[in-house]
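One structure below.
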Amino acid sequence: MSDKKVRVRFAPSPTGGLHLGGVRTVLFNYLFAKKYKGDFVLRIEDTDQGRYVAGAEDYIMDCLKWCGLIPDESPAAGGHFAPYRQSERKAIYREYAERLVMQGHAYYAFDTTEELERNRREIPNFQYGHAYRDSLRNSLSLTQHQVDQLLDAGEPHVIRIKMPENEHIHFTDMIRGNVSFETGQSDDKVLLKADGMPTYHLAVVVDDYLMKITHAFRGEEWLPSAPVHLLLWEYLGWKANMPQWAHLPLILKPDGHGKLSKRDGARLGFPVYAMNWFDEKTGELTPGFREKGFLPVAFINMLAMLGWNDGTDRELFSLPDLIDKFSIERVNKSGAKFDYEKAKWFNAEWIKLTAIDKLLPDVEELLNENGVQAEKEYIKQVLALVKDRLNFVTSFWKEASYFFEQPKEYDLDAVKPKWTDAKTEFFQSFIVMLNDSDPSIEAAEMETQFKALAEEKGIKAGELMLPFRIMLVGGKFGPHVFDIAVLLGKDGTIKRIHKALEAFNSPS
RNA sequence: GGCCCGUUCGUCUAGGGGUUAGGACGUUAGAUUUUCAUUCUAGAAACAGGGGUUCGAUUCCCCUACGGGCUACCA
């Protein structure tokens, strides 16, 4: 590694929601940059106007913000190398493409999409490359005069790289080590499209150069086009400045085969995008980790562990921890199947580790959505009681709604078969006892009194605990029942006993 | 089909020429919790196959198999 300042970039195409694999690519970029006190650049690769989706760019920015992976330079924040949107850099690319034509490393091609499609259909394994380029309509097969005429007439054309027929090309990938290719295997990729926009291939090289990118991390799906990029760096005379490459392993479907897609999430019931994504064209909402109730720290932690570890048994890392421990050499080569169960575990662990005050805003919002107003202090006490049983912040309501409103239904099947008049009488006496008790009674004290009363009435305490729970909670779940009663308070508890008694004693 | 990349428990992974192949999720059993979850303890569970190299390979090399990616005027 040279002593140049580390500069990395994440270069998404604004075509829709941000996939968890994309977030992981951002994360590794970010960790590497911060580890070496370098810059993290967000560059928007919007060179395909046909696939451009309004709102996608803002959405991506919001995702990064939620994750805490803030770019040092971006379309929004600006920077020394602005603009950071490739559509706004359109004028830059043509010059370099022309230069390549001049040098004989690229050429004009006038073939129409229809002609190429027919070739692909009719010629098995057709590639626009050394085998066929001479028989197609381009500046290699046509005379200079013909080419000039076409160009002057404004005939639509692209510029293609001329891949050498038989060169061996190799580079050292930071993750995979030496990787090599035969240049003749790749086709003559389009560099500049008919609309004057560059393709990814040209744009990534030009912008990485212009933006002084030192390390380029991207998904493994880019490996096959690496030789094109390498050649471009060489032909443009920038080889000495070429970034070091690292091709990240892919995130795979948990079951079947292939890359994880948002369809898998819908099929298997888990989010794939970082945040909810609403597609205006289809009206389809693709759920996100944020709305599902994931903490950003857990989401990031989980993603980091998908393909990386610090060499010890440690699994829980905050973002600063990750910056401290990260090393690209410890990133795995092989793809990882996404495991939602493990993702949930990370979230549950981080909810346990997160201070109640930090959880409070999300929980307050959740209560709001459910039309509940409550004192901060009260919410915090509830949170203290249920925090360790949450997989998601959003399950707070399901897990703790009974602290804020009376149970709407009772699990009568759990009570009725063993319900007796003696038990009704017990609870009536218990109400009296509660009424007389100190308002600041503690859970342990209440439990002692409860048990004493049970003994007095000749009923096993164990027979009464579950009914009591169901009176307060509605079901067979929740923290220690006397903790609940104390938090509900004397009056609240008595009210619930009254109401439940009616339900328990009504004929079914 | 061609090219490229990969392969340790079901999953994520540690390890690395001589180990009882370690951890985590999940799972099973038990304890605690007079509910459920948490927590704790214990258990089952892996080096794809074949050749080399070597005194010795799961570890290094080759082949095969399998998996994945790419093969657009998409990124």
Side-chain angles (χ1 to χ4, degrees), chain A residues 11-15 45-48 50-51 86 109 111-113 116-117 120 124-129 156-160 173 175-176 179-182 184-187 189-201 203-204 218-227 247 249-250 252-255 257-259 302 305-316 330 332-346 348-349 352 386-391 395 399 411 414 447 451 460-470 473 475-481 484:
Chain A
S13 177
T15 53
E45 309 227 334
D46 54 350
T47 53
D48 185 353
R51 294 212 308 156
Q86 288 182 332
D111 319 85
T112 64
T113 310
L116 294 176
E117 272 171 11
R120 288 200 187 91
N125 299 127
F126 171 80
Q127 277 208 146
Y128 206 125
H157 62 277
V158 301
I159 293 178
R160 289 179 179 271
D173 186 282
I175 294 172
R176 291 149 212 283
V179 184
S180 61
F181 304 85
E182 296 298 329
Q185 292 295 335
S186 179
D187 61 346
K189 295 279 183 229
V190 170
L191 264 20
L192 201 73
K193 299 188 259 190
D195 64 2
M197 280 286 194
T199 58
Y200 172 82
H201 305 295
V204 73
R218 65 195 347 180
E220 189 186 343
E221 70 266 31
W222 289 107
L223 211 40
S225 51
H247 290 88
L250 266 15
L252 277 12
K253 298 176 196 292
D255 54 353
H257 309 293
K259 284 197 280 191
M302 177 271 290
M305 300 311 286
L306 224 46
W308 175 85
N309 67 82
D310 77 339
T312 73
D313 288 341
R314 181 172 175 192
E315 294 194 277
L316 266 14
R330 290 202 63 87
N332 278 297
K333 295 178 180 62
S334 48
K337 289 185 183 172
F338 178 66
D339 182 356
Y340 188 52
E341 290 304 318
K342 186 90 184 222
K344 284 197 285 196
W345 176 79
F346 275 108
E349 288 302 308
K352 283 180 221 162
V386 302
K387 191 163 88 92
D388 288 1
R389 36 204 322 134
L390 302 177
N391 268 333
S395 23
E399 194 64 50
D411 184 351
E447 182 170 357
K451 285 180 174 168
K460 277 190 217 153
E463 300 262 313
L464 296 162
M465 300 281 266
L466 190 63
F468 188 33
R469 166 176 300 281
I470 290 176
V473 173
K476 289 191 280 186
F477 64 95
H480 193 52
V481 68
I484 299 171

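Order of the sequence lines fixes the chain letters, A, B, ..., with proteins taken first and strands second; residue numbering starts at 1 for each chain.
Looking at heavy-atom distances under 4.0 Å, A/D411 makes no contact with the nucleic acid at all. Across all strands shown, A/R218 has no heavy atoms under 4.0 Å from either base or sugar-phosphate atoms. A/N125 comes within contact range of at least one nucleobase, with a heavy-atom separation under 4.0 Å. Residue-level contact check: A/V179 touches the backbone only, with heavy atoms under 4.0 Å from sugar-phosphate atoms and none from bases. Nucleic acid contact for A/G219: none, since no nucleic acid atom lies under 4.0 Å from a heavy atom of the residue. Looking at heavy-atom distances under 4.0 Å, A/A461 makes contact with a base. Among the atoms of the strands shown, only primed sugar atoms or phosphate atoms (P, OP1, OP2) are found under 4.0 Å from some heavy atom of A/S180. Backbone-only contact: A/M305 has heavy atoms under 4.0 Å from sugar-phosphate atoms and none from a base. Heavy atoms of A/P479 sit under 4.0 angstrom from at least one base atom. Among the atoms of the strands shown, only primed sugar atoms or phosphate atoms (P, OP1, OP2) are found under 4.0 Å from some heavy atom of A/N332.
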Dump the pairs, protein N or O against N or O of nucleotides 70-72 of chain B, anything under 3.5 Å, distances to one decimal.
unit_1 : atom_1 : unit_2 : atom_2 : d
B/rC70 : OP1    : A/K259 : NZ     : 3.0

Look for any protein N or O under 3.5 Å of an N or O in nucleotides 60-63 of chain B and output each such pair with its distance, or none.
none

Mind listing the N/O atom pairs, protein and nucleotides 6-8 of chain B, below 3.5 Å?
none

Every protein N/O within reach of nucleotides 38-42 of chain B N/O, cut-off under 3.5 Å:
unit_1 : atom_1 : unit_2 : atom_2 : d
B/rU38 : O3'    : A/K352 : NZ     : 3.1
B/rU39 : OP1    : A/K352 : NZ     : 3.0

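In this structure, CG of A/L250 is placed 17 Å from P of B/rU11, rounded to the nearest angstrom. Note: CG (A/D310) to C1' (B/rA14) measures 10 Å, nearest angstrom.
Every side-chain hydrogen bond (donor to acceptor under 3.5 Å, both in side chains) that A/E463 has, sequence neighbours left out, goes to A/K423. A search for side-chain hydrogen bond (donor to acceptor under 3.5 Å, both in side chains) contacts involving A/Y128 returns A/D111, A/N138, not counting sequence neighbours. Residues forming a side chain to side chain contact (heavy atoms under 4.5 Å, CB included) with A/P198 (at least two apart in sequence, or on another chain): A/T47, A/Y93, A/L192, A/L202, A/A203. A/A414 is linked by a side chain to side chain contact (heavy atoms under 4.5 Å, CB included) to A/D411, A/L466, A/I470, A/K476, counting only residues two or more places apart in sequence or in another chain. Shown here are the side chain to side chain contact (heavy atoms under 4.5 Å, CB included) partners of A/D195, two or more places apart in sequence or in another chain: A/Q49, A/K193, A/M197. Listed by chain and residue number, A/W308, A/T312, A/R314, A/F317, A/K325 satisfy the side chain to side chain contact (heavy atoms under 4.5 Å, CB included) test with A/D310 (two or more places apart in sequence, or in another chain). By the ring pair (Phe, Tyr, Trp, His ring centres under 6.0 Å) test, A/H201 pairs with A/H229, sequence neighbours left out. Every residue two or more places apart in sequence or in another chain that forms a salt bridge (charged side-chain N to carboxylate O under 4.0 Å, His left out) with A/D48 is listed here: A/R51.
Of the nucleotides present, B/rU28 is the one that pairs with B/rA42 by Watson-Crick or G-U wobble criteria, both distances under 3.5 Å. Here B/rA65 sits opposite B/rU7 as a Watson-Crick or G-U wobble pair (both hydrogen-bonding atom distances under 3.5 Å).
Counting non-hydrogen atoms of neighbouring residues, nucleotides and ligands closer than 6.0 angstrom, the NZ atom of A/K352 exceeds 12 such neighbours.
When the nearest nucleotides of RNA chain B are assigned to A/P12 and A/F338 by heavy-atom distance, the more 5′-ward of the two goes with A/F338. Along RNA chain B, the nucleotide nearest A/H480 and the nucleotide nearest A/A343 are compared for position; the residue whose nucleotide lies closer to the 5' end is A/A343.
Between A/E117 and A/R120 no salt bridge is recorded (no basic side-chain N to carboxylate O distance below 4.0 Å).
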